[in-house]
Amino acid sequence: MNEKKTMLSGIKPSGDLTLGSYLGPLHHWPKMIEEYDCYFFMADLHAITVRQDPAALRRRTLEQLAQYIACGLDPDKCTLFIQSHVRQHAELGWVLNCYAMFGELSRMTQFKDKSAKNADNINGGLFTYPSLMAADILLYQPDFVPVGEDQKQHVELTRNIVQRFNGVYGDVFKVPEPYIPKVGARIMSLTNPAAKMSKSETEDTGRVTLMDDPGAIMKQFKRAITDSDTERCVRYDPDNKPGVANLMTIYSTVTGKTYAEIEQEFDGQGYGKFKPAVGEAVVEILRPIREETQRLLSDKSYLEGVYRAGADKASHAAEKTLRKVYKKIGFVAR
Ligand code: ATP
Ligand code: LTN
């Protein structure tokens, strides 16, 4: 009997993965594959809610798969797949659209943000994005959904959909819990600590990608915004020194040191020592990931084998849920 709990998460291949993608969700995932039955995917259906260049989307989807593996997601121990390969996502997404309310979809912060930023392309997919995300989740009946802070609202909407759906049809879906890591839940842009470091929106100077070489990473950290007060000391004070706090969060997540230890380490040294030290720690954590990703990308047939096997496994699990849903809502079985 399989008593393992189930976990699922995904990232859109809408830009090159950043240090935020790594320290937020990705680096927590490898620990989970030993303990849980895990599904991780490239959310390409979600990526097209914003216009994508086809060649870039294809490249980033495969690169993201290689990065998942390079970060420690062993394909023999978890299920890695490309969302569009498992057609049940689109199918259940449609059904759940009919159980998600216009009012609640209108309240989603991500929809408001993305609409403001893509005023010439506020398409239906951008609006109904959370129903597709609910389908991603519910197809696999996971206990937990590890996501960053910004996705909590979508997981909560998923829980509302479950309650509404189960209220009518009985216990069809398990109610999923969001799982949000405390440290690293929100890594900010290096040049604008008020904005999340995002893979598609942060300007190049404010982010570090997983494929950046050491020179590029060091350059970004050296020019990172700290603060303009006269104190110029390394102290954790997110309200008054958000840039320093962000660098401390990065350093703490990468090295495992507490904020107090970091304050002590750089006591009396100003930012001249601190910024390159954070850069060096990041270089060392990203180096093996970049090298392994490059190696995997040169082995296309291996990657193909991984995503095909992953899609088969995921479809099998997803089909079980979809069949149950179709039956409950009254569709005629084929
Ligand atoms: P986009 O720029 O295309 O909107 P994004 O960079 O914001 O994308 P997502 O694909 O929306 O990234 O996020 C994938 C996962 O990574 C989500 O769980 C999200 O919360 C998390 N995440 C993204 N950026 C960060 C960040 N800077 N800090 C912590 N977690 C993050
Ligand atoms: N919406 C998420 C990506 C995503 C996801 C999911 C995360 C799509 N489907 C299912 C967890 C579970 C984002 O923008 N980060």
Side-chain angles (χ1 to χ4, degrees), residues 6-29 38-52 56-57 60-61 64 67-68 71 81-84 86 89-90 92-93 96 108-111 113-118 125-126 128-159 161 176-190 192-203 206-210 246 249-250 253 314 318:
T6 302
M7 203 162 229
L8 161 134
S9 201
I11 302 180
K12 305 178 291 255
S14 50
D16 297 331
L17 293 190
T18 70
L19 185 63
S21 331
Y22 180 67
L23 297 182
L26 200 44
H27 92 290
H28 292 284
W29 294 354
C38 290
Y39 293 85
F40 298 111
F41 62 99
M42 280 51 74
D44 56 350
L45 296 175
H46 277 105
I48 63 162
T49 52
V50 170
R51 208 59 82 223
Q52 302 291 334
L57 180 61
R60 287 195 303 253
T61 305
Q64 199 172 306
Q67 287 169 328
Y68 280 8
C71 287
F81 67 96
I82 298 172
Q83 187 186 25
S84 63
V86 182
H89 289 245
L92 184 62
L96 297 185
M108 293 295 110
T109 310
Q110 182 171 305
F111 171 67
D113 281 358
K114 297 266 175 202
S115 311
K117 285 170 188 151
N118 301 279
L126 200 58
T128 58
Y129 181 113
S131 331
L132 178 60
M133 179 159 163
D136 300 337
I137 297 171
L138 299 178
L139 280 173
Y140 304 93
Q141 308 274 12
D143 298 276
F144 299 107
V145 185
V147 286
E149 189 67 48
D150 60 315
Q151 292 300 311
K152 193 170 163 209
Q153 203 185 22
H154 288 161
V155 181
E156 267 154 16
L157 177 54
T158 302
R159 290 162 61 89
I161 292 177
E177 293 285 340
Y179 171 89
I180 298 167
K182 286 194 187 65
V183 179
R186 212 165 144 77
I187 302 295
M188 313 310 274
S189 157
L190 298 181
N192 176 12
K196 186 181 91 159
M197 185 189 288
S198 125
K199 56 185 141 56
S200 68
E201 286 159 12
T202 310
E203 62 302 353
R207 70 165 169 233
V208 165
T209 77
L210 298 193
N246 187 40
T249 300
I250 294 172
T253 317

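When a ligand or atom number is given, it counts from 1 through the structure's own listing order. Counting from 1, the numbers follow the sequence of the chain as shown. Because the structure is a prediction, the values reported are computed rather than measured.
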Out of [options], indicate the one that has the non-hydrogen atom closest to [atom].
atom	options	answer
atom 12 (C) of ligand 2	Val145, Ile11, Thr49, Asp136	Val145
atom 13 (C) of ligand 2	Met7, His89, Gln151	Gln151
atom 26 (C) of ligand 1	Leu23, Asp113, Ile187	Ile187

Rounded to the nearest 0.5 Å, what separates atom [atom1] in [X] from atom [atom2] in [Y]?
X	Y	atom1	atom2	result
Ile187	Leu23	CD1	CG	5.0 Å
Asp150	Thr109	CG	OG1	9.5 Å
Gln67	Asp16	CD	CG	7.5 Å
Gln153	Thr158	CD	OG1	11.0 Å
Leu190	Met197	CG	CE	4.0 Å
Gln83	His46	CD	NE2	5.5 Å

Numbered atoms of ligand 2 (with element) below 4.0 Å of [X], judged on heavy atoms:
X	answer
His46	8 (C), 9 (N)
Lys12	13 (C), 14 (O)
Ile137	10 (C), 12 (C)

Examine the proximity of ligand 2 to [X] and report which part, side chain or backbone, both or neither, has a heavy atom under 4.0 Å away.
X	value
Val147	side chain
Val155	neither
Tyr39	neither
Gln83	neither
Leu132	neither

Any Met188 heavy atom less than 4.0 Å from ligand 1: no
Applying side chain to side chain contact (heavy atoms under 4.5 Å, CB included) to Asn246 and Ile250, what does each step give before you reach the verdict? CA-CA 6 Å; Asn246 187 40; Ile250 294 172; 4.2 Å; yes
Can you list the atoms of ligand 1 that are under 4.0 Å from a heavy atom of [X]?
X	answer
Gly24	29 (C), 30 (N)
Gln151	17 (C), 18 (O), 20 (O)
Ile11	10 (O), 14 (C)
Pro25	15 (C), 16 (O), 21 (C), 30 (N)

Output yes when the distance from some N or O of ligand 2 to some N or O of Tyr129 is under 3.5 Å, and no in every other case.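 Indeed, backbone or side chain, Tyr129 has an N or O that close.
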Does an N or O from Ser9, backbone or side chain, lie closer than 3.5 Å to an N or O of ligand 2? no
Please check if the number of heavy atoms outside Leu57 that lie under 6.0 Å from its CG is greater than 12.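 Yes.
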Considering both backbone and side-chain atoms of [X], is one of its nitrogen or oxygen atoms within less than 3.5 Å of a nitrogen or oxygen in ligand 1?
X	value
Ser21	no
Lys199	yes
Asp150	yes

Considering only the protein, which heavy-atom contact is closest to atom 4 (C) of ligand 2, and what is its distance?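 That would be Gly10 O, 3.8 Å.
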Using a 4.0 Å heavy-atom cut-off, say whether Lys12 meets ligand 1 through its side chain, its backbone, both or neither. both
Is ligand 1 under 4.0 Å from a heavy atom in the side chain of Ser200, in the backbone, in both, or in neither?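 Ser200 to ligand 1: contacts from backbone and side chain alike.
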Closest approach of [X] and [Y], non-hydrogen atoms and distance?
X	Y	answer
Pro130	Met108	CG-CG, 3.9 Å
Val86	Ala318	CG1-CB, 4.2 Å
Ser189	Glu203	OG-OE2, 3.8 Å
Lys199	Ser14	NZ-OG, 3.0 Å

Of Tyr68, Phe81, Trp29, which is the lone residue that meets ring pair (Phe, Tyr, Trp, His ring centres under 6.0 Å) with Phe41?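 Exactly one candidate clears the test, Phe81.
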Between His89 and Tyr140 (judged by ring centroids, cut-off 6.0 Å), do the two rings come close enough to count as a pair? yes
